[in-house]
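Step one of this worksheet: look at the structure below.
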Amino acid sequence: MIKLRHHGDVLLTTALYHALNDQFPGAQTDTLIYKETTPLLQNNPHLNRVLCIDRKLKGFARLKAELALLFRVRRAGYDAVIHLTDQWIGALIARFSNAPVRVQMAYAKRDKALWHACFTDRIVPPPRGQAHAVELNLLCLQALGINPSSLRGEMVLRPSPENLDKADALLAEQAVNGPFVLIHPAARWPFKCWEDDKFAQVVVHLLNRGLHVVLTCSPDPVEVAMTAEIERLARAKYSKGSSQLVNVGGKMSLPLLAALLKLSKFYVGVDSAPMHMAAALNVPQVALFGPSWVQEWRPWSDKATVIYAGDFGPLPHPDSINTDDTTRLLAAIPTEVVIQSVDKLVD
């Protein structure tokens, strides 16, 4: 399986590995992903090997590494290679593998003879926005004679005992001695984010309900600053003292975050990797969405409440978004609606 994408995308493919394990007992499944996304596949019981492309390598070092990868794939003698994204390096690796079955997902921008020559089978997805990413991944199994509609599509994320112990120790160190809600308010792109003061109001509401709140974010300076501002606003609004509020933003690995999520009462956040992590861990959540393909990227979970900004005001079309735009496009979501949703998980 080749999935050269971001963290959340890679986590969503775990349902595909799970399905392969169920359908072909004893078969070995390898995956090729970007090196930085490997933490989300730690302890995955359905994978034999995780192969990586290191995007930090440049020039000759990158070329040398990718040539070595090509020959490693060729020597492995795979029965099938499934390429789930639209990068040329993945298509070339698929072709060079010489696997008898080489599957592509149809992409309009790759409707070229050279691209198609890399594959033996082509899967055409339904129109955009009509299927979830998990379902789209599972569609590729049609080329292996499997009916994807018969599959459960169960994601897998397994925090290690070591990280669960670290999470327990972190909570004890921060005096979190009762039920807590994990809030991850930031995302890779600011247009997916809600307003700081509204998140702060939700934090204060949860503190008033007697819960601890743990704020997290990635080490990205923009995310750290956003999370710190939400903490500052919440502490200023909360009249009873704020020892129940903890900010560990930028201070943990993804495996440790997974362990914290598993221990939480529920999760609140936006369209980002931790949202998918909560879904994989079967943790209840409230997820805030803006101008994304909601049906495709919503949490793959029956314990998730999705609040869509488009239900409260106009949004640009998902395909028109400039990812460099820093405008927060979830502003139309009322604070009261989020508070009503979290209250259902508190009670």
Side-chain angles (χ1 to χ4, degrees), residues 3-15 17-18 31-47 49-57 155-176 180-190 192-193 199 212-228 230-231 245-283 285 287 299-301:
K3 188 70 174 186
L4 301 171
R5 276 289 188 268
H6 303 304
H7 292 88
D9 305 89
V10 168
L11 182 57
L12 289 165
T13 63
T14 59
Y17 314 142
H18 194 170
T31 189
L32 171 61
I33 58 176
Y34 287 134
K35 185 177 180 180
E36 65 267 25
T37 63
T38 56
L40 290 174
L41 299 183
Q42 288 182 6
N43 308 311
N44 189 297
H46 305 130
L47 285 172
R49 289 187 301 179
V50 177
L51 309 177
C52 300
I53 288 179
D54 187 351
R55 293 194 289 182
K56 292 182 179 179
L57 295 177
M155 291 194 295
V156 175
L157 182 60
R158 300 273 177 91
S160 68
E162 294 79 12
N163 278 309
L164 288 169
D165 288 343
K166 287 181 182 178
D168 276 328
L170 175 64
L171 294 170
E173 178 185 321
Q174 299 291 339
V176 178
F180 72 95
V181 178
L182 193 146
I183 296 183
H184 192 99
R188 176 187 298 271
W189 294 297
K192 291 186 174 185
C193 298
F199 252 128
H212 294 267
V213 175
V214 177
L215 297 173
T216 66
C217 69
S218 82
D220 179 84
V222 174
E223 294 193 23
V224 170
M226 179 191 302
T227 307
I230 292 169
E231 178 192 12
L245 175 58
V246 174
N247 180 4
V248 292
K251 299 176 182 176
M252 67 181 58
S253 64
L254 281 172
L256 182 55
L257 176 59
L260 271 180
L261 274 166
K262 188 172 180 63
L263 297 174
S264 68
K265 182 175 178 64
F266 61 88
Y267 167 80
V268 182
V270 295
D271 176 16
S272 62
M275 176 194 76
H276 296 301
M277 294 167 69
L281 291 163
N282 206 30
V283 173
Q285 64 171 292
W300 184 250
S301 169

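- Met252 contributes atom CE, which lies 9.0 Å from atom SG of Cys217 (distance to the nearest 0.5 angstrom).
- Between Gly8 and His276, the shortest heavy-atom distance links the atoms CA-CD2, 3.9 Å.
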Could you give me the CA-CA distance, side-chain angles and deciding distance for Leu157 and Thr14, then say whether side chain to side chain contact (heavy atoms under 4.5 Å, CB included) is met? CA-CA 8 Å; Leu157 182 60; Thr14 59; over 6 Å; no
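- Here the closest non-hydrogen pair linking Lys262 and Leu164 is CD-CD2, 4.1 Å.
- With sequence neighbours excluded, no residue forms a ring-ring contact (aromatic ring centres under 6.0 Å, His included) with His212.
- Two residues are said to be in side-chain contact when any heavy atoms from C-beta on lie closer than 4.5 Å; Pro159 and Leu261 fail this criterion.
- Taking the side chain as every heavy atom from C-beta outward, Tyr17 and Val156 never approach each other to under 4.5 Å.
- In plain terms, the two heavy atoms of Ser301 and Ala279 that are nearest each other are CB-CB, 3.8 Å.
- Side chains of Pro274 and Thr216 form no contact here, defined as non-hydrogen atoms less than 4.5 Å apart.
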Donor-acceptor pairs under 3.5 Å, side chain of residues 165-175 to any protein atom, not counting sequence neighbours: which ones?
none

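- Annotation: the span from His7 atom NE2 to Met277 atom CE amounts to 9.0 Å, rounded to 0.5 Å.
- Once rounded to the nearest 0.5 Å, the distance linking NE2 of His184 with OG of Ser272 reads 4.5 Å.
- Distance alone, capped at 3.5 Å, places no donor-acceptor pair between the Thr227 side chain and the Val224 backbone.
- Side-chain N or O atoms of Asn163 include none that pairs as donor or acceptor with a backbone N or O of Ala259 at under 3.5 Å.
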Run the side chain to side chain contact (heavy atoms under 4.5 Å, CB included) check on Val214 and Ser264 step by step: do they pass? CA-CA 9 Å; Val214 177; Ser264 68; over 6 Å; no
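- Among all heavy-atom pairs drawn from Lys192 and Ala187, the shortest one is CB-CB, 3.9 Å.
- For Arg5, the side chain to side chain contact (heavy atoms under 4.5 Å, CB included) test picks out Lys3, Asp9, Thr85, Asp86, Gln87, with sequence neighbours left out.
- Trp300 and His18 have their aromatic ring centers separated by at least 6.0 angstrom.
- To the nearest 0.5 Å, the span separating CE on Met155 from CG on Asn282 amounts to 9.5 Å.
- Taking the side chain as every heavy atom from C-beta outward, Tyr34 and Val10 never approach each other to under 4.5 Å.
- Among all heavy-atom pairs drawn from Leu32 and Leu4, the shortest one is O-CD2, 4.0 Å.
- Expressed to the nearest 0.5 Å, how far OG1 of Thr31 lies from CG of Asn44 amounts to 9.0 Å.
- Interatomic distance, CD of Glu36 versus CZ of Arg55, reported as 4.0 Å (0.5 Å rounding).
- Of all heavy-atom pairs spanning Phe199 and Gly269, the tightest one is CZ-CA, 4.4 Å.
- Between the side chain of Gln42 and the backbone N or O of Ser160 there is no donor-acceptor pair closer than 3.5 Å.
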